[in-house]
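Accompanying notes for the structure given below.
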Amino acid sequence: MSNPKLTELRTQIDELNLQILNLINKRGQLVQEVGKLKEVQGTNRFDPVRERAMLDLIQENNNGPFETSTLQHIFKEIFKANLELQHDDHRKALLVSRKKKAENTIVDIKGEKIGNGSQHFIIGPCSVESYEQVAEVAAAAKKQGVKLLRGGAYKPRTSPYDFQGLGLEGLKILKKVADQYDMAVISEIVNPADIETALDYIDVIQIGARNMQNFELLKAAGSVNKPVLLKRGLAATIDEFINAAEYIISRGNDQIILCERGIRTYERATRNTLDISAVPILKKETHLPVFVDVTHSTGRRDLLLPTAKAALAIGADGVMAEVHPDPAVALSDSAQQMNIPQFDEFISQLKPLCNLNT
Ligand SMILES: C=C(O[C@@H]1C=C(C(=O)O)C=C[C@H]1O)C(=O)O
């Protein structure tokens, strides 16, 4: 049932579609140029005043048959798509971006290769309390083949009256234990001025959730030759988390491990809400290894194993969990740390599920 008139009209529509396509892409290129200028000037990509002026111009020049409101709606969609294009360009330009570097970054911690597809555990007490306490946990972890030992020496606590950590003394204990058991030490640093000193004692600088946007600390950690484990902020978006990592890499240090540790939501059944989908998103968007801290995200001992299984299944490079010889008397986070038999059970359930040696 071919109708020559219909065919002719459709041919014209096809031509116009191609012209519109061409114009939209040309427009997109101009917007990209504008985006670059804005980047240099440090101005906001979204410009509602400019958008309003363009919508007004459309109103002034509209001769139909479309309603102005319909056209303005279509143009608003075009503005939105263009804004997204500027965002994409910005993301692509980041040094941590997978688009900038396709292959995984391998973080080498005393020979432990993080990011090559094998999965790892970081184990240790929340706070360093004594040599004996850390040594007991290290012995148990080592027995299970764990090489990465964590422990908090500088503790950024919610209340100034809570235990603040042993400071340098705590780092010395960690180093002594790690040397004895041939393990690597991960410990949080909260003050840029402590980084130089900490280099002698620790193998990985942890930047905690509360300091994820402490830009001076990020820059200081980026300026040294030491792996950094960067935790996601309590209320940080994935974009903000990625930009925090960018601060570190922009100073020259690409040895960064990202750590999802739960975010603040309305849900109170867990201490924080583990954002498990952040793991594959971060793996896709960046070339950095990603860990999941099951202890802080859940705040519940009974959820450590199931969330660790989820983390390993979804492709995390490792799991961080806290272990204390006697959690009931721990100076911090006593409700969520495992004791040693619980840790043995935890690790033996997880080992068959993870990729231990690649
Ligand atoms: C291109 C710009 O940036 C954004 C994108 C716009 C567009 O698609 O035209 C308009 C305003 C901004 O929200 C601009 O400011 O000119």
Side-chain angles (χ1 to χ4, degrees), residues 9-102 212-215 218-219 222 230 232-251 256 258 260 263-265 275 277-278 280-288:
L9 289 171
R10 284 183 170 168
T11 306
Q12 283 187 43
I13 290 174
D14 278 343
E15 274 165 20
L16 286 176
N17 278 348
L18 293 179
Q19 281 182 36
I20 294 171
L21 173 69
N22 201 10
L23 287 174
I24 285 184
N25 277 328
K26 248 190 186 151
R27 188 184 190 287
Q29 283 170 353
L30 294 178
V31 170
Q32 282 180 309
E33 293 294 312
V34 173
K36 276 185 209 143
L37 292 178
K38 286 184 177 177
E39 189 83 40
V40 174
Q41 288 174 0
T43 43
N44 227 328
R45 279 186 286 274
F46 175 55
D47 185 343
V49 176
R50 167 74 182 144
E51 290 196 9
R52 167 48 56 207
M54 289 190 289
L55 292 177
D56 288 347
L57 195 66
I58 282 153
Q59 178 167 26
E60 284 158 28
N61 289 279
N62 180 24
N63 299 316
F66 284 111
E67 296 276 351
T68 294
S69 59
T70 306
L71 289 169
Q72 285 181 331
H73 177 75
I74 294 171
F75 270 89
K76 182 62 197 169
E77 287 303 312
I78 295 176
F79 302 162
K80 258 164 57 188
N82 280 279
L83 200 56
E84 197 43 47
L85 196 62
Q86 291 182 342
H87 269 296
D88 275 354
D89 285 348
H90 174 66
R91 277 197 290 264
K92 264 186 237 165
L94 293 182
L95 297 170
V96 294
S97 166
R98 179 76 74 186
K99 293 188 179 112
K100 193 89 177 172
K101 175 179 171 244
M212 190 206 80
Q213 284 188 319
N214 180 338
F215 299 115
L218 296 172
K219 286 190 248 175
L230 176 66
R232 181 175 180 181
L234 277 70
T237 63
I238 290 176
D239 218 39
E240 288 163 343
F241 190 19
I242 290 175
N243 274 291
E246 186 72 11
Y247 264 89
I248 301 172
I249 204 171
S250 68
R251 292 290 163 134
I256 306 165
L258 301 173
E260 161 62 32
I263 47 173
R264 178 71 58 93
T265 69
D275 182 9
S277 56
I281 294 171
L282 291 167
K283 297 281 305 173
K284 198 170 145 196
E285 295 282 328
T286 80
H287 47 78
L288 303 174

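Read the numbers this way: they start at 1 and go in the same order the structure lists the ligands and their atoms. Index from 1, following the sequence.
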Subject >> For N82, the ligand 1 atoms whose distance to one of its heavy atoms is below 4.0 Å >> reply: 8 (O)

Original post:
Among K76, K80, R52, M54, which one has a heavy atom closest to atom 6 (C) of ligand 1?
Top reply: M54

Subject >> Side chain, backbone, both or neither: R45 near ligand 1, heavy atoms under 4.0 Å >> reply: backbone

**OP:** Determine yes or no for a side-chain-to-main-chain donor-acceptor pair under 3.5 angstrom, with E246 supplying the side chain and V96 the backbone.
**Re:** yes

Original post:
Going by the order shown, which atoms of ligand 1 are within less than 4.0 Å of some heavy atom of F46?
Top reply: 13 (O)

Original post:
Taking 4.0 angstrom as the limit, do D14 and R10 come out as a salt bridge?
Top reply: no

Original post:
Are any non-hydrogen side-chain atoms of V31 and F79 less than 4.5 angstrom apart?
Top reply: no

**OP:** Answer yes or no: is there an ion pair linking E33 with K36, defined by an N-O contact shorter than 4.0 Å?
**Re:** yes

Original post:
Can you find a heavy atom in the side chain of V34 that is under 4.5 Å from one in the side chain of L30?
Top reply: no

Original post:
In the protein, what heavy atom is nearest to atom 9 (O) of ligand 1, and what distance, to one decimal place, separates them?
Top reply: R27 NH2, 2.8 Å

Original post:
Looking only at protein heavy atoms, which one is nearest to atom 14 (C) of ligand 1, and how far off is it?
Top reply: K38 NZ, 3.4 Å

Subject >> Numbering as shown, the atoms of ligand 1 that approach D47 to under 4.0 Å (heavy-atom distance) >> reply: 11 (C), 12 (C), 13 (O), 15 (O)

Subject >> Proximity of V34 to ligand 1 by residue part, where a heavy atom lies under 4.0 Å >> reply: side chain

Subject >> Minimum-distance protein heavy atom relative to atom 11 (C) of ligand 1 >> reply: E51 CG, 3.5 Å

**OP:** Look up atom CG in D56 and atom CD in E51, then write down how far apart they are to the nearest 0.5 Å.
**Re:** 12.0 Å

Original post:
Taking side chain as C-beta onward, heavy atoms only, is L282 less than 4.5 Å from I242?
Top reply: yes

